[in-house]
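For the numbers below, each heavy atom of this structure counts, side chains included, while hydrogens, waters and symmetry mates do not.
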Amino acid sequence: MAKTRSKYTRGGTALRGRLRALMRQILVALSGDEHACMHWAVRSYFRKIYVEYGLELVGWPEDVPFTDLSDPEMRRCGRIPRLFALWETGELRFVHVPLGREARERQNPLDVAPNRDNRGLPINLGRSDIKKHRERRKVDAERFPPRYVRNGPKSDEWVTEAAEARAERAACYEHGEHPSDRTEEFSGSSSARSC
């Protein structure tokens, strides 16, 4: 008789995968969403499981932090086998929340997390794509023309004598002097200004 090979290399990993699959099956059955899956971060658990599906995970042990089953912290002290045993006995289970959607949305995410020992809510640091190119969606290209292409400097390649004189006058005004008040020293073809 040929042995069937498991897709897991360790027994603990296989148990973790089995627990995930069982939780997903129940989530799909209770939510009616065939793409439902467990969310292990407090904010996403709150949004998807609690608010959207109207479900709550009850029976999570107080001494086991609520975090992803793949987290290294979950691998120690037999936490995965303990969670699996609680799931098998029905102590760890999903139950329907008796509140309407609006009432669920008003709840504090940290209060509805399965355990107080969790990673909490991360600080919102803003968008993660700052200074990255993003495609602009256009509804009406005539009303909202595409932005100009930024492909290098827009100034002239060569600075003319007239442009240089304008810049000198602007620099003198900036220092509070009138260009006619300044003294110029000539030495050959170069000039030195003293504003």
Side-chain angles (χ1 to χ4, degrees), residues 1-139 144:
M1 181 191 265
K3 277 177 99 177
T4 58
R5 187 171 177 195
S6 172
K7 62 181 179 177
Y8 299 104
T9 56
R10 293 182 293 188
T13 311
L15 195 61
R16 181 179 69 207
R18 188 152 177 239
L19 179 59
R20 278 194 177 133
L22 290 170
M23 291 178 101
R24 186 179 185 286
Q25 284 176 352
I26 297 297
L27 271 175
V28 168
L30 292 175
S31 69
D33 180 8
E34 65 182 40
H35 301 292
C37 63
M38 184 59 187
H39 292 265
W40 299 102
V42 173
R43 182 173 284 139
S44 60
Y45 167 83
F46 175 73
R47 287 181 184 157
K48 288 297 277 186
I49 307 298
Y50 189 78
V51 173
E52 187 174 327
Y53 299 146
L55 299 171
E56 188 173 14
L57 183 61
V58 295
W60 193 275
E62 288 295 320
D63 59 332
V64 177
F66 177 68
T67 185
D68 190 359
L69 298 178
S70 297
D71 193 278
E73 198 169 314
M74 294 298 284
R75 293 187 203 141
R76 62 178 116 137
C77 303
R79 289 177 172 168
I80 300 291
R82 183 173 168 205
L83 290 172
F84 187 79
L86 289 171
W87 184 265
E88 288 288 308
T89 60
E91 291 179 51
L92 181 63
R93 65 193 182 283
F94 289 104
V95 295
H96 285 283
V97 180
L99 301 172
R101 185 178 177 102
E102 292 80 23
R104 291 193 308 260
E105 287 173 344
R106 286 192 300 267
Q107 299 294 319
N108 183 353
L110 293 172
D111 291 340
V112 300
N115 189 347
R116 297 266 183 209
D117 186 9
N118 55 54
R119 302 263 167 111
L121 297 173
I123 297 170
N124 186 0
L125 299 175
R127 291 180 23 192
S128 62
D129 63 346
I130 294 174
K131 293 193 177 184
K132 293 181 183 173
H133 179 72
R134 292 187 310 141
E135 290 293 325
R136 289 181 66 199
R137 293 186 211 165
K138 297 290 181 203
V139 177
F144 304 104

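Side chain of Arg93 to backbone of Glu91: a donor-acceptor contact under 3.5 angstrom is found. At distances below 3.5 Å, not a single donor-acceptor pair connects side-chain atoms of Asn118 with backbone N or O atoms of Leu110.
A salt bridge between Arg106 and Glu102 is absent, with no side-chain N of the basic residue lying under 4.0 Å from a carboxylate O of the acidic one. With respect to Arg79 and Asp71, no salt bridge is recorded, no charged nitrogen being found less than 4.0 Å from a carboxylate O.
Distance check: Glu105 CD to Phe46 CZ gives 7.5 Å after rounding to the nearest 0.5 Å. A distance of 5.0 Å separates CD of Glu62 from CG of Asn115, quoted to the nearest 0.5 Å.
Taking the side-chain contact (heavy atoms from CB on, under 4.5 Å) definition, one finds that Ile26 meets it with Leu30, Trp87, Phe94, sequence neighbours left out.
Gln107 places none of its side-chain heavy atoms less than 4.5 Å from the side chain of Val97.
Shortest non-hydrogen contact noted between Leu86 and Pro61 is CD1-CG, 3.4 Å. For Asp111 against Arg116, the heavy-atom pair with the smallest separation is OD1-NH1, 3.1 Å. When all heavy atoms of Phe84 and Leu22 are compared, the pair lying nearest together is CE1-CD1, 3.7 Å. For His39 against Ile49, the heavy-atom pair with the smallest separation is CD2-CD1, 4.2 Å.
For residues 20-30, the pairs satisfying side-chain hydrogen bond (donor to acceptor under 3.5 Å, both in side chains) are Arg20-Asp68, Arg20-Ser70, with sequence neighbours left out.
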Under 3.5 Å, which donor-acceptor pairs do the side chains of residues 50-58 form with other protein atoms, sequence neighbours left out?
from, atom 1, to, atom 2, distance (Å)
Glu52, OE1, Lys48, NZ, 3.2
Glu52, OE2, Lys48, NZ, 3.3
Tyr53, OH, Asp33, OD2, 2.7

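A distance below 6.0 Å separates the ring centres of Phe66 and Trp40.
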Decide side-chain contact (heavy atoms from CB on, under 4.5 Å) for Leu69 and Leu83; before the verdict, give the C-alpha distance in whole Å, the side-chain angles of both, and the deciding distance to 0.1 Å.
-> CA-CA 10 Å; Leu69 298 178; Leu83 290 172; 3.9 Å; yes
